[in-house]
Amino acid sequence: MTRPVRVRFAPSPTGGLHIGGVRTALFNYLYAKKLGGKFILRIEDTDQTRFVKGAEEYIIETLKWCGIEPDEGVGYGGEFGPYRQSERKPMYRQYAEQLVEAGYAYYAFDTPEEIEAMRERLKAGGNPAPQYNWAVREYMKNSLTLPADEVKARLAAGEPHVVRIKMPRKDEVKFHDLIRGWVSFQTAQVDDKVLLKADGMPTYHLAVVVDDYLMEITHAFRGEEWLPSAPVHILLYKYLGWEEKMPEFAHLPLILKPDGNGKLSKRDGDRLGFPVFSLDWHTADGTLQTGFRERGFLPQALINFLVLLGWNPGVAHEIFSLDEMIQLFDIARVHQAGAKFDFEKCKWFNHQYVQMQSAAALADATEPVLASKGVKVERAYLEHICSLVKERCTFMSDVWDNAFFFFEAPKDYDFDAVRPKWNDAKKSFFTQFLERAKTLSTWDNTSIEACFKGLAEELSIKVGEVQMPMRIMLCGGKFGPPVFEIASTIGQKESIERIEKANSLF
RNA sequence: GCCGCGUUGGUCAAUCGGCUAAGACGCCUCCCUUUCACGGAGGAAUGACGGGUUCGACUCCCGUACGUGGUACCA
């Protein structure tokens with residue numbers, strides 16, 4: 001019996017969503033769409049101390065911007081709600097108690113101070129990372145060591161307590177990961193994780209299992225950082241009697257820093273000069289963390305870059321539409337090793353996608369820039385310019401830098417590019433060219449070029465010798481589309497004015 | 001420290017025992033363009049190391065090294 005595919009993206013609303021999260025969402029989305037299943041957004045806000053206002057909206061906006069919207073979940077509704085774990089709080093306790101009754105979990109009354117003391121003691125004894133585990137629980141304050149009536153009394157008195165899973169002392173948990181194959185753990189290595197916190201909220205471990213079960217999740221794809229706690233989840237399914245409904249697991253490789261070591265973190269962006277967040281995010285202390293969107297990335301480009309970070313369809317090309325990704329996606333072809341983030345390649349993808357944009361789209365993106373500069377031009381003129389400079393644009397916002405001279409006369413000239421070879425003959429060439437230009441009846445590419453080259457020939461000057469000065473006169477530097485293209489675009493009058501002015505300056 | 005997971009050019013990666021080891025980004029050279037970019041043609045650059053298994057290992061097994069993750073009443 002195969003159940004309908006249901007996958008979920010379950011982030012914690014603790015800040016901006018960085019690209020690792022976006023990729024996790026993307027893989028979930030692709031898998032769901034490929035199999036005709038549902039993609040669900042669940043918000044894991046069980047840690048009230050880390051909750052950040054606005055983070056949830058940010059996550060939803062990110063998914064929307066990326067074009068990978070949930071079918072169900074926070075902000076989308078559905079029959080398995082609520083989809084925010086904080087709103088599901090009353091549902092978890094019964095399962096924790098069920099586990100205690102069955103002997104798979106226990107109440108623990110140790111105060112944070114007592115646990116800290118235990119750790120200090122063990123550390124002093126040479127244990128670098130003490131755990132609350134099978135060896136330690138025997139002398140701590142819990143329902144395993146305390147008399148039954150005392151436990152009952154403490155509970156009745158409302159004493160703060162947590163519920164911990166009782167990890168078997170000697171057992172092996174083995175499970176199949178869709179990406180890594182068979183993975184096994186010795187239970188003695190895993191500590192007695194807290195399942196239900198003193199405030200009545202479940203920890204991640206209890207919450208994922210309960211919610212995935214209740215929401216009928218069939219596949220759980222998450223970051224590799226969860227692999228070590230997978231045995232806890234597997235055991236929970238078993239102890240709760242839900243083994244039949246346990247989802248298939250896949251632990252995704254991490255996205256690593258481009259330099260040095262470690263996984264990509266929120267701070268790497270500032271440090272290395274590239275975004276790590278999907279959208280702009282303002283932290284509590286007022287600092288801005290730049291988003292890919294605001295930096296000028298097209299969502300399709302980001303998605304395309306991310307999907308290839310850890311996954312490869314094995315086909316020759318690298319540019320995929322979302323539909324094509326869905327068609328080709330295969331979770332088994334996801335890599336096992338972490339991948340370093342490569343901003344250069346990310347930009348290359350964006351350049352590719354910018355090339356697919358229409359002049360109108362580029363013009364739309366450029367209009368606000370012009371407005372901020374106080375420049376007013378005809379829409380048709382703008383679009384023509386956009387098509388002229390498009391191939392030079394990596395970002396939609398690059399038009400201005402590549403085309404400013406179409407909107408205003410150059411203020412500075414790259415004199416060094418002209419003067420070393422500048423002489424009276426050239427100056428005279430331009431003087432004469434001006435005279436002819438003024439009388440030209442048609443002002444387009446070919447007529448300007450014919451006029452220019454004809455004169456050069458008459459004066460026995462190599463066209464190349466005067467073409468560069470012409471360019472500098474029109475746009476100020478060694479850049480831009482073909483010169484005659486520029487001249488015809490800015491018009492006869494403007495061209496003549498610019499040449500006149502510059503010729504007197506050189 | 002312990003446990004898990006990894007390891008093909010600088011980076012992303014193909015390969016599923018036959019390799020003279022794809023492709024892409026980046027880099028370099030040349031062509032196009034007497035600008036820049038695009039485009040085109042080339043180039044440098046790779047199986048961590050050591051043992052097995054096999055007629056044959058990048059591919060399978062073991063060990064070492066290295067990387068990475070976990071080791072919270074955070075997710």
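The sequence lines fix the lettering, A, B, ..., with proteins before strands; numbering per chain opens at 1. Only heavy atoms go into these numbers, but all of them, side chains included; no hydrogens, no water, no symmetry mates.
Comparing B/C25, B/U35, B/G1 against the side chain of A/R471 picks out B/U35 as the nearest. Side-chain atoms of A/F479 lie closest to B/U35 of the nucleotides B/U35, B/G6, B/G10.
Atom CD1 of A/I472 and atom P of B/U35 are 11 Å apart (whole Å). Atom NE2 in A/H317 sits about 17 Å away from atom C1' in B/C25, given to the nearest Å. Here B/G10 presents its C1' atom at 18 Å from CH2 of A/W348, a figure rounded to the nearest Å. Taking atom CG of residue A/L302 and atom C1' of nucleotide B/C25, one finds them 16 Å apart after rounding to whole Å. Rounded to whole Å, the distance from CD on A/E391 to P on B/G39 is 8 Å. The interatomic distance linking A/I179 (CD1) with B/C16 (P) rounds to 21 Å, in whole Å. Atom-to-atom, NZ of A/K263 to C1' of B/G4 comes out at 15 Å; the value is rounded to the nearest Å. Rounded to an integer number of Å, the gap from A/F305 CZ to B/C12 C1' is 8 Å.
The nucleotide B/G69 finds its pairing partner in B/C3, both defining distances of the Watson-Crick or G-U wobble pair being shorter than 3.5 Å. Base pairing analysis places B/A21 opposite nothing; no Watson-Crick or G-U wobble pair with both distances below 3.5 Å involves it. Base pairing of B/U53: no nucleotide in any strand meets the Watson-Crick or G-U wobble criterion (both distances under 3.5 Å). Pair assignment for B/G9 gives none, since no Watson-Crick or G-U wobble pairing has each distance under 3.5 Å. Under the Watson-Crick or G-U wobble criterion, with both distances below 3.5 Å, B/U35 has no partner in any strand shown. Using Watson-Crick or G-U wobble geometry with both donor-acceptor distances under 3.5 Å, B/A45 finds no partner in any strand shown. With a cut-off of 3.5 Å on both Watson-Crick or G-U wobble distances, the partner of B/A14 is given as none. Using Watson-Crick or G-U wobble geometry with both donor-acceptor distances under 3.5 Å, B/C74 finds no partner in any strand shown.
Annotation: B/A21 and B/U46 have their P atoms spaced 11 Å apart (nearest Å). Across the P atoms, B/G26 and B/C12 are found 15 Å apart, a figure rounded to whole Å. Taking atom P in both B/C49 and B/C66, the straight-line distance is 15 Å, to the nearest Å. Rounded to a whole angstrom, the distance from the C1' atom of B/A13 to that of B/G47 is 13 Å. When the P atom is used for both B/A24 and B/G43, the distance is 13 Å, rounded to whole Å. If you take atom C1' in B/C2 and the same atom in B/U59, they sit 31 Å apart, rounded to whole Å. Comparing the same atom, P, in B/G51 and in B/A45 gives a spacing of 26 Å after rounding to whole Å. The gap from the P atom of B/C30 to that of B/A37 amounts to 14 Å, rounded to the nearest Å.
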Table of protein N/O atoms under 3.5 Å from nucleotides 72-75 of chain B N/O atoms:
residue, atom, partner, partner atom, Å
B/C73, OP2, A/R164, NH2, 3.3
B/C73, O2, A/A198, N, 2.8
B/C73, N4, A/D110, O, 3.2
B/C74, OP2, A/K197, NZ, 3.0
B/C74, O2', A/D47, OD2, 3.1
B/C74, O2', A/R50, NE, 3.2
B/C74, O2', A/R50, NH2, 3.3
B/C74, O2, A/R50, NH2, 3.4
B/A75, OP1, A/T46, OG1, 2.8
B/A75, OP1, A/K197, NZ, 2.7
B/A75, OP2, A/Y204, N, 3.4
B/A75, O3', A/S12, OG, 2.6
B/A75, O3', A/E44, OE1, 3.4
B/A75, O2', A/S12, OG, 2.4

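Counting non-hydrogen atoms under 4.0 angstrom, A/G314 reaches nothing in the nucleic acid. No contact: A/H251 has no heavy atom under 4.0 Å from any strand. Here A/Q336 lies in heavy-atom contact (under 4.0 Å) with sugar-phosphate atoms only. A/G310 comes within 4.0 angstrom of sugar-phosphate atoms only, judged by non-hydrogen atoms across all strands, and of no base. Within the 4.0 angstrom heavy-atom criterion, no nucleotide atom of any strand lies near A/R222. The residue A/V183 sits close only to the backbone: its heavy atoms come under 4.0 Å of sugar-phosphate atoms, none of a base. Residue contacts shown for A/K462 include a base, since a base heavy atom lies under 4.0 Å away.
Checking A/H335 against A/Q467, the closest nucleotide of RNA chain B that is more toward the 5' end is the one next to A/H335. Each of A/K478 and A/A339 has a nearest nucleotide on RNA chain B; the 5'-most of these lies closest to A/A339.
Between A/Y413 and A/F506, the ring planes lie perpendicular to each other; the angle is over 60°, past the 30° to 60° tilted range. Between A/F297 and A/F395, the ring-plane angle classifies as perpendicular under the 30° and 60° cut-offs. Ring geometry, A/F274 versus A/F341: the interplanar angle falls from 30° to 60°, so the pair is classed tilted. Relative ring orientation between A/F221 and A/H219 is described as tilted, the plane-to-plane angle lying within the 30° to 60° band. Note on ring orientation: taking the six-membered ring where Trp is involved, the planes of A/F249 and A/H251 are parallel (angle under 30°, cut-offs 30° and 60°). Using a 30° and 60° split on the angle between ring planes, A/H233 and A/W226 fall in the tilted class, from 30° to 60°.
The shortest side-chain heavy-atom distance between A/I234 and A/M246 falls under the 4.5 Å cut-off.
Remark: side-chain polar atoms of A/R180 are paired, donor with acceptor, to backbone N or O of A/Q336 under 3.5 angstrom.
Between the CZ atom of A/R84 and the CG atom of A/D211 there is a distance of 13.0 Å, given to the nearest 0.5 Å.
For the pair A/R154 and A/Y107, the cation-pi test (distance below 6.0 Å, angle within 45°) is failed.
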